[in-house]
Structures are given as structure tokens and as C-alpha cells.
Protein chains: 2
Amino acid sequence: MAKQAIATIRKKEIVDTFYEVAQVEGIENTSFAKIAQRLEIQPSLIVHYFKNRDELILSLIEYNLEQYKKIFTIAHSDDHSHREYLIMVLDKLFSLEWNDLFDDGVYYSCFTLIFRHPVIKQKFKELHLELRGHLENLISNCVAEKSLQVENPSVVANHISNLMDGTYYFVSMLDDSLAQKEYLEESKALAKKLIGFYS
Amino acid sequence: MAKQAIATIRKKEIVDTFYEVAQVEGIENTSFAKIAQRLEIQPSLIVHYFKNRDELILSLIEYNLEQYKKIFTIAHSDDHSHREYLIMVLDKLFSLEWNDLFDDGVYYSCFTLIFRHPVIKQKFKELHLELRGHLENLISNCVAEKSLQVENPSVVANHISNLMDGTYYFVSMLDDSLAQKEYLEESKALAKKLIGFYS
DNA sequence: ATAACGATTGTATGGACGTTCAATTTTTTG
DNA sequence: CAAAAAATTGAACGTCCATACAATCGTTAT
């Protein structure tokens, strides 16, 4: 195997394993030693690739944010109108599909780092602004298509995003996934109402 | 001073100092030694009062949740109608006054513990359900008073709460407090709209 | 007044941590 | 095939940590 490939794979392996361990133990309790043990390598090899712990955490965060972003990606086939597409996106946004993409515990743990690390804060901010901009565009498309009447797409995109973020925050405190779904449905209904779509 | 009083004061001192250090260093980097140093006592004295780290963290969380709860407490004088009171509460909920009550960084750090500690999860859940119930009551009072027309106070209380939680989550990524205020205002406007109050 | 008790100190321990560095193995390059 | 470079090992270091424990000091109760 080419060396370049080895380096890339190893780095990915290490970040993945960091993620796995962090899911169970929490980021703050995930050490080089634990990651190395699970990978059956020496801790010093991790240092070889990541130099120090901060760099490793930053990689974890970048991985996390990439995953987060994926929730928005639905193939936009020409079969659908912008309106239909927007509805599909909303259905996905207020579903439990996030769980397949990332672990809430790890995600929120990374998030808390924004309060002490300006660079991380910036990354999170950019991601969220991007997603909100994306949602705004979808709404604007519908307005242009005249399939939707929304006065201020930007504001509505913010409202829906806030609603969504707050709903996930809340349902993460619930153990019953049925109850989670109901709360998500309730919020989704409001989201649709906000764009003037009554289901 | 009575021994009982000393014990109570010391415990409070320790939790307060934990909080202070955690604000700057993060919970995960706040050790017995650091707390002790700031208080000019021996680390072992902390152990004397808290037995182990988990117990200390639990106390921190309880302190945090008490503070959180305070945002809802506004004296309800008889001078105000339920409707006026509700508006006052909403104004407060969507203000930056939370910052005076607790540190967002510490709060979210505590929150992330819900994903690995069922007891903590339960505490957070109860708090939020209580606050949502409280808000629902305020709305119901207005409906009874006939100063508001809301079909389902419970659902609307959830919507407003989700909106609020999501808005704070989002504005914590912003550095500019003016921008924070604008986003909060935007969300507050929707909250008022949701109860049929147009300002 | 003295015995008991809680508050506090001081010291010690063992373990985990991040990181370093030199040595060794494996792969690539010329 | 030899030399260079990268991957990996293994051992070691100093630091900090949570916690244990025995000793002391001060207060309270009898």
C-alpha cells in the first residue's frame, strides 16, 4: 500500500476510534491510550499523526460537522417541484435520521468547546449560517416558483432552524423514542405552518 | 460559628468556586486541586465534604438548574392582568438576562452529561417539563381570562419553548451581542405571534 | 474540665495522562 | 540492491489527578 494511503487511512482510523470511544466514555475521558488500545497500536503513533490532543479534537469536530451537514443533502431530482423538495427536506429535518449520522452526546460535547475556543466557535457558526442560508434558498426558490407565499424567507428560515434546534435539544432529554417522534411531528407541523403549508 | 453553619457555608463555597473555575477552564479541566488552591484550603477538605468528584458535579448541576429556574420568577402583582404578565415573561425569556443567572458554557457542559448519566438526564428533563408546564399555565390563565385565544396552550407552550431553546443555542455562536439581541427579538416576535399577540 | 466530634491540615500513594525520543521495521525511491 | 524516508514500536519522563489516612486544631456537649 502506498504510504500516502496508509497515512490517510490511519488518520481516519484514529478519528473514527476516537469517536467510538467518546460515544461510550465521553470526550473528556477519551485518552490517547484508550484509542491506541482499541486500535492495537502504540499511543505514540497517534501523536505521530496528530501532534497533540487539541489537533485530534479538532479533527473530531470537523468530522462531526461534515456529518451534520449531510442531513441537508437530498438529491434534487427534476421530478420534483421546489415546493415538493422543500417538504421533503422539512420531513427529513424533523425526523430522527440525525441519529444515523452522528451521536448527540459527542456532538453537544464538541459544541460546548465553542465557549472557550474561538476557532471552534467560528466553525460551528459557519456551519449553522450555511444551513440556514441553504434553507432560505429553498424557500426563496418556492417563492420564485410561486408555489409559496413567504414575506421574508430569511426570517422564516431562522424560525424553522431555531425551532428545529430547540426541539432536538428538548427531545434529547426524553428516553422514549415514540415521544421524541411526537414532539418532532408537533414542531414539524409548526414549521410547515410557518411557510404557509398546511398538511 | 455553629458547626452546621460552617459545613453549609463551606459546601456552598466549594460549589461556587467550582463554578468559577469551570467558567474559565471548563468543567473537565477543573480539579479538586484547582478549586482548593483558589479557596486556600487543602484538596482533602473538598473530599471531606463531597466524597468524590461525581458528587461535586451533581451539586454543580443542581446549582445550575436552580439558577435556570429563576428566569421564570417575576413577581405577579395584582396590578397586571394575566395577559400583561405573560408578555412580561416572554420579554424576559427572550432577553439576555440569562447571562446574569448562569454561564452558558458551564450550563451546556453540564447538559452533555445527560447522555451518559440517567440521573442527570432525569433532572434536566424534569426542569424543562416544569418550565413548559409553567408557561402553559400562564397561557391557560389568559385563555380563561378571555384575553387570549389559543386552541392548545400545551402545544403552543412547547413551540415557544423550543423556539427559545433553539434561539439561545444559535446566538451562543455569535460574538456580537447586538446581533444576539436582534435574533432574540426576531424569535420573540414569533413567540408573541404564536399566542396571537401582535406587537 | 474533659471527652467526643467535626473541621482542617499535611502527607502519601498509585495510576493515568500527554508527550518525548531513540530504536526498529517497513516501504519507497533511485 | 542500497539508501532514504516514513511507519511503528517501546520505553521513559514529569505532571497532575482523585483519593486515603493519620494527625492536629477548635468547638460543642456533658
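- Atom-to-atom, CD1 of A/Ile46 to P of C/dG18 comes out at 9 Å; the value is rounded to the nearest Å.
- Look at A/Ser31 and you'll find a side-chain N or O under 4.0 angstrom from OP1 or OP2 of C/dC17.
- Taking only side-chain atoms of A/Arg53, from C-beta outward, the nucleotide of D/dA7, C/dT19, D/dT19 with the closest atom is C/dT19.
- Between B/Phe111 and B/Phe124, the angle of the ring planes goes over 60°, which puts this pair in the perpendicular group of the 30/60° scheme.
- The shortest non-hydrogen separation linking B/Cys110 to B/Leu60 is SG-CD2, 4.0 Å.
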Original post:
Can you check salt bridge (Lys or Arg N to Asp or Glu O under 4.0 Å) on B/Lys188 and B/Glu185, steps first, answer last?
Top reply: CA-CA 5 Å; B/Lys188 185 165 76 180; B/Glu185 283 296 325; 3.4 Å; yes
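- For the pair A/Gln37 CD and D/dT9 P, the interatomic distance rounds to 14 Å; values are reported in whole Å.
- The nucleotide whose nearest atom lies closest to any side-chain atom of B/Arg10 is, among D/dA7, C/dT8, D/dT19, C/dT8.
- One can place NZ of B/Lys51 at 15 Å from C1' of D/dA18, the figure rounded to the nearest angstrom.
- Note: CZ (A/Phe18) to C1' (C/dG18) measures 13 Å, nearest angstrom.
- Distances shown here put every side-chain N or O of A/His48 at or beyond 4.0 Å from the OP1 or OP2 atom of D/dT8.
- One can place CD1 of A/Ile9 at 14 Å from C1' of C/dT27, the figure rounded to the nearest angstrom.
- Summarising the geometry, the separation between CD on B/Glu40 and P on C/dT9 is reported as 10 Å, rounded to the nearest angstrom.
- Atom CD1 in B/Ile41 sits about 21 Å away from atom P in D/dT24, given to the nearest Å.
- Nucleic acid contact class of A/Tyr49 (heavy atoms, under 4.0 Å, all strands): sugar-phosphate only.
- Regarding contacts with the backbone of C/dG10, a side-chain N or O of B/Gln42 is found under 4.0 angstrom from either OP1 or OP2.
- Ring-plane geometry between A/Tyr108 and B/Tyr169 is classed as perpendicular, the angle between the planes exceeding 60 degrees on a 0 to 90 degree scale with a lower cut at 30.
- Between the CG atom of A/Leu45 and the P atom of C/dT24 there is a distance of 18 Å, given to the nearest Å.
- In this structure, B/Ile27 and B/Val21 have side chains that are not in contact, with every pair of non-hydrogen atoms separated by 4.5 Å or more.
- For B/Ala33, whose side chain is taken as the heavy atoms from C-beta onward, the closest listed nucleotide among D/dA7, D/dC17, D/dT19 is D/dC17.
- Comparing A/Asn29 and A/Ser44 by the nucleotide of DNA chain C that holds the closest heavy atom to each, the one mapping nearer the 5' end is A/Asn29.
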